[in-house]
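Comments concern the structure below.
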Amino acid sequence: MTMPIFLHNTLTRSTDEFKPIIAGKAGLYVCGPTVYGRAHVGNLRSWLFADTLRRVLQANDFIVTEVMNITDVGHLVGDGDEGVDKLQMAADKVSKTAWDIATEFTKLFVDDIKKVNIETPHVMPKATDHIAEQIELIKVMEAKGFTYAISDGIYFDAAKLPEYGQLSRQKSEEKEEGARVVVNAEKRSASDFALWKFSPEGEQRHMEWESPWGKGFPGWHLECSAMSEKYLGVPFDIHTGGVDHIAVHHENEIAQTLAARGVLEANYWLHNEFMLIDGGKMSKSLGNIYSLDDLDLKNISPIGFRYFVLGAHYRTQLNFTWEGVKAAQNALNNLVDMARDWQKPSVVDEVTMGKFMLAVNNDLDTPAALAVLWNFVNDGAISSDVKAATVLKMDEVLGLALEDVIARPLRISEAAQKLLDEREVARIAKDWERSDLLRDELFGLGYAVEDKPTGQHLRERR
Ligand code: AMP
Ligand code: ZN
């Protein structure tokens with residue numbers, strides 16, 4: 001059974017049926033991390049959305065090639081063409097090199113996405129490994145008359161490209177008015193952007209390369225045009241990122257590829273809305289930028305966080321509150337408790353699975369898909385072996401790592417059982433101090449214990 005997949009395309013402003021360039025295949029380019037700091041929950045939302053998209057395509061039998069870039073040079077503070085490189089800034093603060101910072105945070109990033117069960121992208125190219133490709137692309141744009149040089153670099157001349165602005169539908173003049181930072185006076189227009197920036201006079205950058213125009217480094221947008229072309233070709237199928245990338249980063253990627261190759265970089269452009277914290281922006285100064293470690297301290301697991309993200313549609317803003325993530329964690333815990341007691345998977349309930357696929361194929365409507373799941377698992381008329389098989393299939397899209405728990409009753413280690421028994425004694429004696437101490441010890445062994453009216457309830461921390 002093949003069903004259409006509908007996706008909201010920022011470029012057409014409509015929800016269109018996905019039509020691949022090559023039948024049965026999908027090329028996906030996901031805007032990845034700038035590796036100068038640990039990923040926060042908002043960033044993770046962006047990659048969880050892309051992972052859901054990949055899983056939905058796969059569940060519809062597409063063979064997906066996913067490319068996710070690692071930005072390790074050129075992304076300047078403020079996202080524009082001015083200011084210091086984010087990596088160099090992070091490096092200077094701790095007296096390391098930008099190369100050290102890139103290695104450190106790339107590793108952390110890979111660990112984080114594994115924890116939330118994001119499928120590893122097939123290619124994770126680094127900007128610094130593709131300098132030659134980026135220089136080559138500038139040469140093509142230069143030969144076609146799309147570039148000009150000013151004192152701090154080589155710039156793209158947006159006025160030369162009539163299609164410029166098609167993604168954000170923002171005219172060059174509007175950008176001029178909207179520009180928050182003082183525009184570089186040498187730039188011909190506010191829409192123009194750096195393709196190659198020169199290393200500052202008399203200063204050695206940690207990362208710099210020779211080029212036909214002088215020593216320097218590539219502009220931030222260039223890597224995505226160069227690397228997507230190398231690994232997926234032009235045009236490719238789908239490009240993703242957060243909504244903040246629409247007006248500048250993705251607009252400029254499209255401009256570069258169109259100028260150099262005469263075609264659209266990608267056919268579908270999908271953008272996730274932002275995650276807010278307590279209704280506002282996350283920022284370092286407010287101290288509300290959370291990582292997976294901060295969640296762990298409050299007993300929220302990476303998969304619990306994944307469940308929280310799936311509870312909202314990717315195109316709506318998602319407000320992070322501790323109550324909200326705790327409720328999501330509880331829902332996941334309940335599902336896990338149920339699943340452990342199910343019988344071994346037998347046959348999939350195709351009618352329910354059809355409803356589930358209809359939801360996710362409708363522009364990744366994960367809240368509706370979760371509703372299908374809960375109605376199904378709460379239906380007493382359905383046998384638990386069918387539940388096991390069907391939920392296992394749903395989990396190929398949801399990615400809640402349920403295969404580890406379906407029809408697998410919790411095995412309590414001898415050491416944990418001993419602590420649990422001791423805690424029971426302490427509880428009867430109303431020795432709450434000892435009872436809390438034993439709960440912490442169980443925690444250390446990887447178990448969370450909860451006191452329910454029926455007695456102590458143990459679960460594996462996951
Ligand atoms: P960066 O490392 O800053 O380039 O960001 C990586 C990805 O996270 C990009 O696709 C951003 O659009 C996205 N992003 C950044 N902040 C948020 C947020 N608060 N909510 C959702 N996505 C975000
Ligand atoms: Zn990008």
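Counting starts at 1 for both ligands and their atoms, following the listed order.
For the residue pair Glu251 and Ser168, a side-chain donor N or O sits within less than 3.5 Å of a side-chain acceptor on the partner. Side-chain contact annotation: Thr97 with His206, donor-acceptor N/O pair under 3.5 Å absent.
Between His249 and His245, the ring-plane angle classifies as perpendicular under the 30° and 60° cut-offs. Ring geometry, Phe156 versus Phe146: the interplanar angle falls under 30°, so the pair is classed parallel (tilted spans 30 to 60°). Classification of the Tyr290-Phe320 ring pair by plane angle, with boundaries at 30° and 60°, yields tilted. Using a 30° and 60° split on the angle between ring planes, Phe236 and Tyr29 fall in the tilted class, from 30° to 60°.
Taking the N/O/S atoms of His249 in turn, the shortest distance to the Zn ion (ligand 2) belongs to NE2.
Ligand 1 is surrounded by Gly32, Pro33, Thr34, His40, Gly42, Asn43, Ser46, Trp47, His75, Gly241, Gly242, Asp244, His245, Asn272, Glu273, Phe274, Met275, Met282, each with at least one heavy atom closer than 4.0 Å.
The side-chain hydrogen bond (donor to acceptor under 3.5 Å, both in side chains) search around Lys25 returns none, not counting sequence neighbours.
Not a single N, O or S atom of His245, from either the backbone or the side chain, sits less than 2.8 Å from the Zn ion (ligand 2).
Rounded to 10°, the angle formed at the Zn ion (ligand 2) by SG of Cys31 and SG of Cys224 is 140°.
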